[in-house]
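Chain naming here is simple, since letters A, B, ... match the order of the sequence lines and numbering starts at 1 in each.
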Amino acid sequence: MTVITRFAPSPTGFLHIGGARTALFNWCYSKKMGGKFLLRIEDTDKERSTQAAIDAIFRDLKWLGIDWDGDAIYQSSRAARHAEVAQDLVKKGKAYFCYCSQEELEAMRAEAQAKGEQPRYNRMWRDRDPATAPAGVKPVIRIKAPLDGETVIDDAVQGRVTVPNSQLDDFILLRSDGSPTYMHAVVVDDADMGITHVVRGDDHLNNAFRQKVIFDAMGVPCPTFAHIPLIHGADGAKLSKRHGAQSVGEFKDMGYLPEAVCNYLLRLGWSHGDDELFTKEQAAQWFELGDINAGPSRLDMKKLDHVNTHYLRLAEDERLAAEILARHPELKIDDEHRIRLAAGMHDLKARAATLIQLAAEAKFYLVDEVAYDEKASAALHDHDAHNAMHHIYDALARLGADFKEAAIDTAVRKIAADHYEGKLAKVMMPLRASLTGSTSSPPILKAAEILGQAETMKRIKAALHWMHDHGHHHH
RNA sequence: GUUCCCUUCGUCUAGAGGCCUAGGACACGUCCCUUUCACGGAUGUAACACGGGUUCGAAUCCCGUAGGGAACGCCA
């Protein structure tokens, strides 16, 4: 039997981070089994579904590198088939028309609740002659759920789960306007698509019992279910807006690489021994539904940062340069900037956790004038800074063609030894501030080499002017 | 309210009755490296929710308790 899995998002918002993980699990399992992975857009709720959300789902899945077999299936396009199956079930005596009004249904729920029972439909039309139907009322179609006994599902993650059938009411398959309910559409589509394994959030675990009733009525074997726990925020509560990012697009904007997001998400709730860093292709070779955890897990941005740091170092310089430039639309970039960025990338990418940090750290290579941040200003206010900068200026001016890290290093150490009792920081910090506008940067002497003698001298001179304007003089 | 699910360091997890004085990763502490911040290296703190069983032996199996979550729509 060929394994066929699916990911079935409803396009009522952007692709949720939890949904992405569900897609990843389905994708991995199909790859592991040499099967297929299908995509179905559950757009039957016309009020809430939007084209923008559909586009975002495609875009984010592609960004993550999750590809699906064949074309995406739109649930809305299958409405006629859903109705056909419901009508067929009525003909076979597995379902029936119900003419109850909203008011009657509400009364039933209230009555059940008052008796301490689950609010549900009381099955009044189950065995009633349709000829007695009130005139002018469009009926819904309800399933005949089993009246007694129990339903058992062997869930690949949760284990054997049993529910007494007394809990299942005759829920609606087809609405009075002829449209299918979610419960019905899902089952008909899964059946028609030949889905063998349904991996989804455990908020659907209860639904699985209702869906099994429909599969049974249709005479189609029920797929294997694997209900995975939801992802929670750092505080353990369900992921919501106040936790910050929820959608894949937001993680992208925050500067995380798709391979890092995939790795992190896969490791959340699934494990292969102690393995931490792996590609989704590697995970696919290892993947077993039984290795998914039954308990919920929380999003840990610190760990995501760590994983992202790892992949940032592995990433090609050209790719990162493009990402950095895309994050600095305000800058006018010329070839000189590009060359510096390429030369500096090696040291740059070894220190950043996200593309945002990387872009911020790279900025001094992409500007012609440096602005000093608070700490850099303070460094330039140090009472030795002005003299130190003069020494540096003079020493670097003499370097000429040998403007290399090693030569600069020798010159700078000599200044520290001659004037500051060997305290390198006395020389390094003002130099760093003048070249980068910050007190935190990649190795500054290498950066000076990359900037080149002319640009380095220009920035030192600019710093000397700045210090003069801010009341600094020779001591 | 009814039904269902879950529970190992702060977090993600390993663990399938003896390999567990419970291992790894992130985070955190200390030290080393060092021109800053990082990185890297070393090292340390830290968990089987609780209570009963079963067993020669339980983190692992069973039953309760507590805590957390989900579902009960002509939403998906």
Side-chain angles (χ1 to χ4, degrees), chain A residues 8-12 42-45 47-49 75 98 100 102 105-106 109 112-121 138-142 155 157-159 161-164 166-169 171-177 179-183 185-186 201-210 227 229-230 232 234 236-238 264 267-277 290 293-307 309 313 347 350-353 357 361 375 379 409 412-413 416 423-429 431-433 436 438-445:
Chain A
S10 22
T12 54
E42 305 214 326
D43 57 347
T44 49
D45 185 343
E47 295 292 309
R48 296 198 296 156
S49 299
Q75 194 160 61
C98 164
C100 283
Q102 295 289 355
L105 293 173
E106 262 165 53
R109 284 191 204 107
Q113 204 120 36
K115 280 195 284 186
E117 289 171 1
Q118 185 172 27
R120 55 150 131 43
Y121 172 63
K138 292 213 169 187
V140 298
I141 292 179
R142 287 180 181 272
D155 191 278
V157 171
Q158 305 291 339
V161 184
T162 307
V163 161
S166 60
Q167 290 298 312
L168 273 28
D169 71 350
F171 54 91
I172 294 172
L173 264 24
L174 212 62
R175 300 186 186 107
S176 48
D177 68 358
S179 67
T181 59
Y182 159 77
M183 209 66 76
V186 165
D202 71 359
D203 49 335
H204 288 291
L205 181 54
N206 290 282
N207 290 335
F209 293 92
R210 296 184 174 79
H227 287 97
L230 267 18
H232 291 162
K238 196 172 170 182
Y264 177 75
R267 192 63 183 75
L268 204 58
W270 173 81
S271 63
H272 179 262
D274 285 336
D275 290 305
E276 295 284 347
L277 298 167
N293 259 306
S297 46
R298 307 177 184 203
L299 212 52
D300 181 355
M301 297 303 285
K302 289 273 184 58
K303 186 155 186 181
L304 209 209
D305 278 348
H306 176 258
V307 175
T309 299
R313 287 170 189 201
D347 289 335
R351 2 184 331 107
Q357 288 173 18
E361 288 246 313
K375 286 181 179 174
D409 186 70
V412 157
R413 282 177 194 279
K423 289 179 186 165
L424 263 181
K426 281 285 184 189
V427 190
M428 294 296 192
M429 282 320 286
L431 178 62
R432 185 190 311 282
T436 69
S438 162
T439 54
S440 167
S441 80
I444 194 60
L445 303 185

Practice problem: Can you figure out which of B/C6, B/C74, B/C12 approaches the side chain of A/Arg142 most closely? | Solution: B/C74
Self-check item: Nearest atoms (heavy-atom pairs only) where A/Asn293 meets A/Val157
Solution: O-CG1, 3.9 Å
Quiz prompt | Interatomic distance at C1', B/U55 relative to B/G10, whole Å | solution = 35 Å
Exercise. Could you check how far CG of A/Asp300 sits from C1' of B/G10, rounded to whole Å?
Key: 9 Å
Which protein N or O atoms sit under 3.5 Å from an N or O of nucleotides 40-51 of chain B?
none

Quiz item: Has the side chain of A/Arg432 got a donor or acceptor atom sitting under 3.5 Å from an opposite partner on the base of B/U35?
Solution: yes
Self-check item: Base paired to B/C61 (Watson-Crick or G-U; both N/O distances under 3.5 angstrom)
Solution: B/G53
Quiz item: Watson-Crick or G-U wobble partner for B/G40, using a 3.5 Å limit on both distances?
Solution: B/C32
Exercise. Calculate the interatomic distance between A/Arg210 atom CZ and B/C72 atom C1'; express it in whole Å.
Key: 6 Å
Quiz item: For the side chain of A/Lys303, counting heavy atoms from C-beta on, which of B/C4, B/A25, B/A38 is nearest?
Solution: B/A25
Quiz item: Is there a donor and acceptor pair, one atom on the side chain of A/Ser176 and one on the base of B/C74, closer than 3.5 Å?
Solution: yes
Quiz item: Is B/U21 paired to anything, Watson-Crick or G-U wobble with both distances less than 3.5 Å, and if yes, which nucleotide?
Solution: none
Exercise. Using both distances under 3.5 Å as the test, list the Watson-Crick or G-U wobble partner of B/A16, or none.
Key: none
Self-check item: C1' spacing across the pair B/G57 / B/C39, given as an integer number of angstrom
Solution: 47 Å
Exercise. Could you let me know what B/C4 is paired to, Watson-Crick or G-U wobble, both distances under 3.5 Å, or none if it's on its own?
Key: B/G69
Practice problem: Evaluate the side-chain proximity of A/Pro296 to A/Leu230: yes if any heavy-atom separation is below 4.5 Å, no if none is. | Solution: no
Quiz item: Can you tell me how far P of B/A25 sits from CD of A/Glu276, to the nearest Å?
Solution: 8 Å
Quiz item: Would you say the side chain of A/Glu276 lies within less than 4.5 Å of the side chain of A/Lys303, judging by non-hydrogen atoms?
Solution: yes
Quiz prompt | Heavy-atom pair with the smallest gap, counting every atom of A/Asn207 and A/Tyr182 | solution = ND2-CE2, 4.0 Å
Exercise. Could you check A/Asn207 against A/Ser440 and say which one's nearest nucleotide on RNA chain B is further toward the 5' end?
Key: A/Ser440
Quiz item: For A/Cys98, which contact category applies under a 4.0 Å heavy-atom criterion: base, sugar-phosphate, or nothing?
Solution: nothing
Exercise. Between A/Asp409 and A/Pro9, name the one whose nearest nucleotide on RNA chain B is closer to the 5' end.
Key: A/Asp409
Quiz item: Looking at the side chain of A/Gln102, which of B/C6, B/G69, B/C74 is the nearest nucleotide?
Solution: B/C74
Quiz item: Can you check whether A/Arg298 has a side-chain N or O nearer than 4.0 Å to OP1 or OP2 of B/A27?
Solution: no
Practice problem: Just call it for A/Leu268: base, sugar-phosphate, or nothing, with non-hydrogen atoms closer than 4.0 Å on any strand. | Solution: sugar-phosphate
Exercise. Would you name the heavy atoms of A/Thr12 and A/Ser49 that are closest together and state the gap between them?
Key: CG2-N, 4.2 Å
Exercise. From the options B/C74, B/U35, B/C6, select the nucleotide whose nearest atom is closest to the side chain of A/Val140.
Key: B/C74
Quiz item: If the C1' atom of B/C61 is compared with that of B/A16, how far apart are they to the nearest Å?
Solution: 11 Å
Practice problem: Round to a whole Å and report the spacing from CD1 of A/Ile172 to C1' of B/G73. | Solution: 8 Å
Quiz item: Roughly, in whole Å, what's the span from CD in A/Gln357 to P in B/C39?
Solution: 10 Å
Self-check item: Nearest-angstrom distance, P atom, B/U13 to B/G1
Solution: 30 Å
Quiz prompt | A/Leu277 CG - B/C12 C1' separation (whole Å) | solution = 13 Å
Practice problem: Just name whichever nucleotide pairs with B/C9, Watson-Crick or G-U, keeping both distances under 3.5 Å, else none. | Solution: none
Quiz item: Touch check for A/Thr44, heavy atoms < 4.0 angstrom, all strands: base, sugar-phosphate only, or nothing?
Solution: sugar-phosphate
Quiz item: Can you tell me how far C1' in B/U45 sits from the matching atom in B/A22, rounded to whole Å?
Solution: 16 Å
Self-check item: Atom-to-atom span, CD of A/Gln167 to P of B/G1 - whole angstrom
Solution: 14 Å
Exercise. Quick one: closest heavy-atom pair of A/Thr439 and A/Met429, and the distance?
Key: CB-CE, 3.5 Å
Practice problem: Describe the nucleic acid contact of A/Ser441 in one word from base, sugar-phosphate, nothing, applying a heavy-atom distance below 4.0 Å. | Solution: base
Exercise. Please step through side-chain contact (heavy atoms from CB on, under 4.5 Å) for the pair A/Gln167 and A/Asn206, ending with a clear verdict.
Key: CA-CA 10 Å; A/Gln167 290 298 312; A/Asn206 290 282; over 6 Å; no
Every protein N/O within reach of nucleotides 14-17 of chain B N/O, cut-off under 3.5 Å:
unit_1	atom_1	unit_2	atom_2	d
B/A14	OP1	A/Ser271	OG	2.5
B/A14	OP2	A/Asn293	ND2	3.4

Quiz item: A/Asp43 and A/Gln75: which non-hydrogen atoms are nearest, and at how many Å?
Solution: OD1-N, 3.3 Å
Quiz item: Counting side-chain heavy atoms from C-beta on, which of B/A71, B/G69, B/C37 comes nearest to A/Asn206?
Solution: B/A71
Practice problem: Look up atom NE2 in A/His306 and atom OG1 in A/Thr309, then write down how far apart they are to the nearest 0.5 Å. | Solution: 7.0 Å
Practice problem: Determine the Euclidean distance between corresponding C1' atoms of B/G18 and B/C37; express it in Å to zero decimal places. | Solution: 50 Å
Exercise. Assess whether side-chain contact (heavy atoms from CB on, under 4.5 Å) is satisfied between A/Leu431 and A/Leu445, documenting all intermediate values.
Key: CA-CA 9 Å; A/Leu431 178 62; A/Leu445 303 185; 3.9 Å; yes
Quiz item: Can you name the nearest heavy-atom pair linking A/Pro442 to A/Arg432, along with the distance?
Solution: O-NH1, 3.5 Å
Exercise. Using the P atoms only, state how far B/A14 lies from B/G44, rounded to an integer number of Å.
Key: 24 Å
Self-check item: Evaluation steps, side-chain contact (heavy atoms from CB on, under 4.5 Å), between A/Met183 and A/Leu173
Solution: CA-CA 7 Å; A/Met183 209 66 76; A/Leu173 264 24; 6.0 Å; no
Quiz item: Any idea which of B/A76, B/C12, B/G69 is nearest the A/Ser297 side chain?
Solution: B/C12
Quiz prompt | B/U8 to B/G15 separation - P atoms, rounded to the nearest Å | solution = 14 Å
Exercise. Report yes if some heavy atom in the side chain of A/Asp300 is under 4.5 Å from a heavy atom in the side chain of A/Leu268; otherwise report no.
Key: no
Quiz item: So what does A/Ala425 hit on the nucleic acid, given a heavy-atom distance under 4.0 Å: a base, only sugar-phosphate, or nothing?
Solution: nothing
Quiz item: Base, sugar-phosphate, or nothing: which does A/Gly201 touch, judged by heavy atoms less than 4.0 Å apart?
Solution: nothing
Quiz item: Can you tell me how far P of B/U34 sits from CZ of A/Arg413, to the nearest Å?
Solution: 9 Å
Quiz item: How is A/Thr439 classified with respect to the nucleic acid when contacts are heavy atoms under 4.0 Å: base, sugar-phosphate, or nothing?
Solution: base
Quiz item: At what distance, to the nearest 0.5 angstrom, does NZ of A/Lys375 lie from OG of A/Ser440?
Solution: 8.0 Å
Quiz item: Counting any heavy atom closer than 4.0 Å, what does A/Pro229 reach on the DNA or RNA strands: base, sugar-phosphate only, or nothing?
Solution: nothing
